[in-house]
A.B. asks: 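Attaching a single structure in C-alpha cells format; questions to follow.
Being a predicted model, the structure only gives us computed values, none of them experimental.
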Number of protein chains: 2
Amino acid sequence: MAAAAGVSRSAVSFAFNSPHRISTATRDRILAAAHEIGYVPNTLARMLQAGQTQSLGVLLPQSLAKIMENPYYARFLMGAGQVCDQEGFTLLLTPPLRESMLKAIPYAAVDGFIVCGLEIDQGEVSELERRRVPFVLVDSDPQENVPSIGVDDRGGAREVVRHLLELGHRRLAVLSIDPGPEKAVRGYRGPLGRRLAGIVDALAQAGMTMADVALAEVPATRTDGYRATRALLADTALTAIVALSDILAFGAMDALHELGVDVPGQVSVTGFDDLTESAWLRPRLTTVRQAIATKGRTAADFLISAIRGEDQHPHQLLSTSLIVRDSSGPAPGH
Amino acid sequence: MAAAAGVSRSAVSFAFNSPHRISTATRDRILAAAHEIGYVPNTLARMLQAGQTQSLGVLLPQSLAKIMENPYYARFLMGAGQVCDQEGFTLLLTPPLRESMLKAIPYAAVDGFIVCGLEIDQGEVSELERRRVPFVLVDSDPQENVPSIGVDDRGGAREVVRHLLELGHRRLAVLSIDPGPEKAVRGYRGPLGRRLAGIVDALAQAGMTMADVALAEVPATRTDGYRATRALLADTALTAIVALSDILAFGAMDALHELGVDVPGQVSVTGFDDLTESAWLRPRLTTVRQAIATKGRTAADFLISAIRGEDQHPHQLLSTSLIVRDSSGPAPGH
DNA sequence: CTGAAAGCGCTTACAG
DNA sequence: CTGAAAGCGCTTACAG
C-alpha cells in the first residue's frame, strides 16, 4: 500500500488514524490510492498493536443453540448489550469448545469475559487469571478474591414457598431443573442449589422437609415442564406447583389448562425469574423476580471499568422479590 | 518466555502447537516453565499469524439491547449458532457504531459476516467487498452478484390475506411496522415492502386496494401492537387484523382479550413469522411461517463454506407457508 | 530435535 | 510534515 501511494508506511497509518499529523493533500492522495487498490487496514493487526479489541466475551455454559432458545439469556444479553451499545463494545458469544468452557477461552479475542453459569470450576478461573484479562463470574458460587455477581436465589425461593404455605398449601410439588450427573458427585450447586436451600428453609419453618413434597427434575424447557406436570398430576393430589424457573411454570400452566384444572382455584403455580412473558400469561404468573437485565448490565459495567483500570466492588448480590399475581391463591378448602 | 525456559521461541511455539516436533522432555520443561511464569500464547497474535479468527460476525441493524429483546433474532441466532456450535466458531454480535453499520465493520475481527436487515446500502456491501471477507445478506432486497438469503415475504402475505378474504372478511386492518423516516424518501423496502406488496396482490384479486383497509404503522413491540389495536377498535368496525409480525399480533390479542372481544368469533387475528410462542398463545395464532432458524443456519452454512473456499449457490429464497390455527375464522355473519 | 530469521500488518515514538 | 526503525506476539519454513 505504502508503495502504491509513493509514501512511507507511517504516512499511510497517519492518513487513517492521525489526520492532523499529515498534510491534507498527502492524506487525500493516500486515501485515494487506498480506495483505488482496495486497501483497508487489517483489523487484527490493529487490535494486536493497540492491545485491545473493543469486544466483551460472554463465556457460556451451553451451546449457542441452547442459549439463544432460552429467554433468560436473551434478557441477560439485553442488559449486557445495553452497556456495550453505550460504550461501543461488541459482544462475542463463546460457547464451550468440545464440551469445555476452558478450551474456548484461548480462541476468544476480547478485552474481558463475562462468565455465565460456571457451576464447577475446571480451571476456568485460573486460566482467566493467567491471561490477566478482567472477568466476572455470574451466578456462580462465590469464591474468595474472584469478582462475581449473583442474585439472592435462596431468599427468593424461601419467600415464594412461604407465600404458598401461608395460603394453606401443604401438598406441594417442586418442578426442578435436572442438575445432570455431576449432582451425584458434588451435590446441588449454583442457583439451583441455592433455590433448593431456600425451599428447605421455608419448609422447615412449617415443620416440613423435602420428603414432604413431590420433586420432579427435568431439563429446563417448556415442554419438559408440561410433561412433568402431567406426570405429577397423575400421581399426586397436589395443590401447588413450585417451578424453579418461569419456563417450567409455563409448561405446567399448559398442562393444567389442557386438563381443565383451574388455576389458582384447584392448583396454584409459581415460577422463578419473572421473564417478560410471565406478565402476559393468563392467569398472570406469580413468581420471584430477579433483575436479569440489571445483572447483565452490572456485569458489563464492572468489566468495562476493570478494563479501564478503575477499581470496582468485586462482589455484588442483587436482591430478588416475590411478585404475587393471579396464578397463586388459597389452597382449596382453606 | 523463551528465555525463562532456556529455549528458543520456536521451541515454545512447538510445545504449544506441534508437540511431535519436539522431545517430550523439552516440551514438559517448557510447559512447566510456562505454567510457572503464567505464560499463555496471545490470542490476537495467533489469529493475526493464522489469518483466521474462528469467529463469525453478525452485522446487526439495531442496538444489541433491541436485538436481544426481539424473539425473531433469538431464533435466527439460534439457527446460526447451531452451525457455529458444530464447526467450532464463535459469534460476534456487531451492532451499528454511532448509528452506522458501515462504521462497525472495521472493528469486527471475524472470518465472515452475516449482514442482517440491511435495508438501504450505505456502502456496507462495497466495504465488505474491499475487505475481501466473505459475507451474506439476510432479508435485504437482492442485489446483483451479492450473496443473499431471504424468504418469500410477498407470497406469505398474499396467502394470509387471501385466507381472510375467503373467510368473508372485508373490513380489514393492517398492523404494520413503522418504516421510519426513510420511507418518505425511498418508499417501502426490505421485508416490510414485500409483505405490503403481497397484501396489495391479495386485495387486488378481491377488487380492493390499500385504501379499503385501515393501516396502523407502529414500532414492532408487543405493547405497540396492543395500543394500536385499542386505537383501531375505537375508530373502526373491523373484523380482521393482519399483523405484519407475530409480536404485533400478540399485542393485538392482548387488547382484544382485555376488551372482551371474541377471537375469532368477532375479530380474526393473523400474524407473520410463526415464533415458537405463537403456538402457545390462546387462541393459537394463525400466521405465516417463515423458517427463521433455517435462515440462520443457511446463512452460517453459506459463510463457513465460503470461508473454506468452497463455492456455493449465492442466492437462496426460502418459502413461507400459511399456518391456520384458531385465531382466524369466518367473518361475523358470513 | 533445535535455533536464527523472516513474516503476519499494523502503529508510534524518534530523528530529520 | 515525513521516513527509517522498532515493536505488538506469535508461527513456520529453513538450515543445522
A.B. asks: Between atom CZ in B/Arg9 and atom P in C/dA6, what is the gap in whole Å?
C.D. replies: 13 Å
A.B. asks: Please classify the nucleic acid contact of B/Phe16 as base, sugar-phosphate, or nothing, using heavy-atom distances under 4.0 Å.
C.D. replies: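 No contact.
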A.B. asks: Taking atom types as they are modelled, is there a donor-acceptor pair under 3.5 Å from the base of C/dG7 to the side chain of B/Gln49?
C.D. replies: yes
A.B. asks: Choosing from C/dC10, D/dT2, C/dG3, which nucleotide comes nearest the side chain of A/Phe14?
C.D. replies: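 Selected nucleotide (nearest to the side chain): D/dT2.
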A.B. asks: Pairing check on D/dC14: which nucleotide meets the Watson-Crick or G-U wobble criteria with it, both distances under 3.5 Å?
C.D. replies: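 Pairing partner, where one exists within any strand: C/dG3.
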A.B. asks: Between D/dC1, D/dT11, D/dC10, spot the one nearest the side chain of A/Ser23, thanks.
C.D. replies: D/dC1
A.B. asks: Pick the closest DNA chain C nucleotide for B/Val7 and for B/Leu48 by heavy atoms, then say which residue is nearer the 5' end.
C.D. replies: B/Val7
A.B. asks: Please report the distance, rounded to the nearest Å, between CG in B/Leu44 and C1' in D/dG7.
C.D. replies: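 Distance check: B/Leu44 CG to D/dG7 C1' gives 15 Å.
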A.B. asks: Toward the 5' end of DNA chain D, which comes first, A/Thr26 or B/Val12, by nearest nucleotide?
C.D. replies: A/Thr26
A.B. asks: Does B/His35, at its NE2 atom, have more than 12 non-hydrogen atoms belonging to other residues, nucleotides or ligands within less than 6.0 Å?
C.D. replies: no
A.B. asks: Please pick, from D/dT11, C/dC10, C/dT11, the nucleotide with the shortest atom-to-atom distance to any side-chain atom of A/Asn17.
C.D. replies: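 My answer, after comparing the listed nucleotides, is C/dT11.
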A.B. asks: Check whether any side-chain nitrogen or oxygen of A/Asn42 sits under 4.0 Å from OP1 or OP2 of C/dC10, and answer yes or no.
C.D. replies: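 Looking at the OP1 and OP2 atoms of C/dC10, neither is under 4.0 Å from any side-chain N or O of A/Asn42.
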A.B. asks: Rounding to an integer number of Å, can you tell me how far A/Met47 CE sits from D/dC8 P?
C.D. replies: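 About 19 Å, once rounded to whole Å.
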A.B. asks: Within a 6.0 Å radius of atom CD on A/Glu99, are there more than 12 heavy atoms belonging to other residues, nucleotides or ligands?
C.D. replies: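 Result for CD/A/Glu99: open.
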A.B. asks: Do A/Val110 and A/Leu56 have side-chain heavy atoms sitting under 4.5 Å apart?
C.D. replies: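 A side-chain contact is absent here, since even the closest heavy-atom pair is not under 4.5 Å.
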A.B. asks: In whole angstrom, what separates B/Ile30's CD1 from C/dG3's C1'?
C.D. replies: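 The distance from CD1 of B/Ile30 to C1' of C/dG3 comes to 12 Å, rounded to the nearest Å.
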A.B. asks: Over how many whole Å does the gap from B/Gln52 atom CD to D/dC10 atom C1' extend?
C.D. replies: 14 Å
A.B. asks: To the nearest Å, give me how far apart CD1 (B/Ile22) and P (C/dC1) are.
C.D. replies: 9 Å
A.B. asks: Describe the nucleic acid contact of A/Ser10 in one word from base, sugar-phosphate, nothing, applying a heavy-atom distance below 4.0 Å.
C.D. replies: base
A.B. asks: Counting only side-chain nitrogens and oxygens, does B/Arg46 get under 4.0 Å of the OP1 or OP2 atom of D/dG9?
C.D. replies: no
A.B. asks: Tell me the interatomic distance from B/Arg131, atom CZ, to C/dC10, atom P, rounded to whole angstroms.
C.D. replies: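 It is 10 Å, rounded to the nearest whole Å.
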A.B. asks: Over 60° means perpendicular and under 30° means parallel, so tell me whether A/Tyr73 and A/Phe76 are parallel, tilted or perpendicular.
C.D. replies: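 Perpendicular, since the angle between the ring planes exceeds 60°.
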A.B. asks: Quickly work out the B/Arg21 CZ to D/dT11 P distance and round it to whole Å.
C.D. replies: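 It works out to 12 Å between those atoms.
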A.B. asks: Flag the pair A/Glu69 and A/Lys66 as a salt bridge only when some basic side-chain nitrogen lies within less than 4.0 angstrom of an acidic carboxylate oxygen.
C.D. replies: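 A salt bridge is absent here (no side-chain N lies under 4.0 Å from a carboxylate O).
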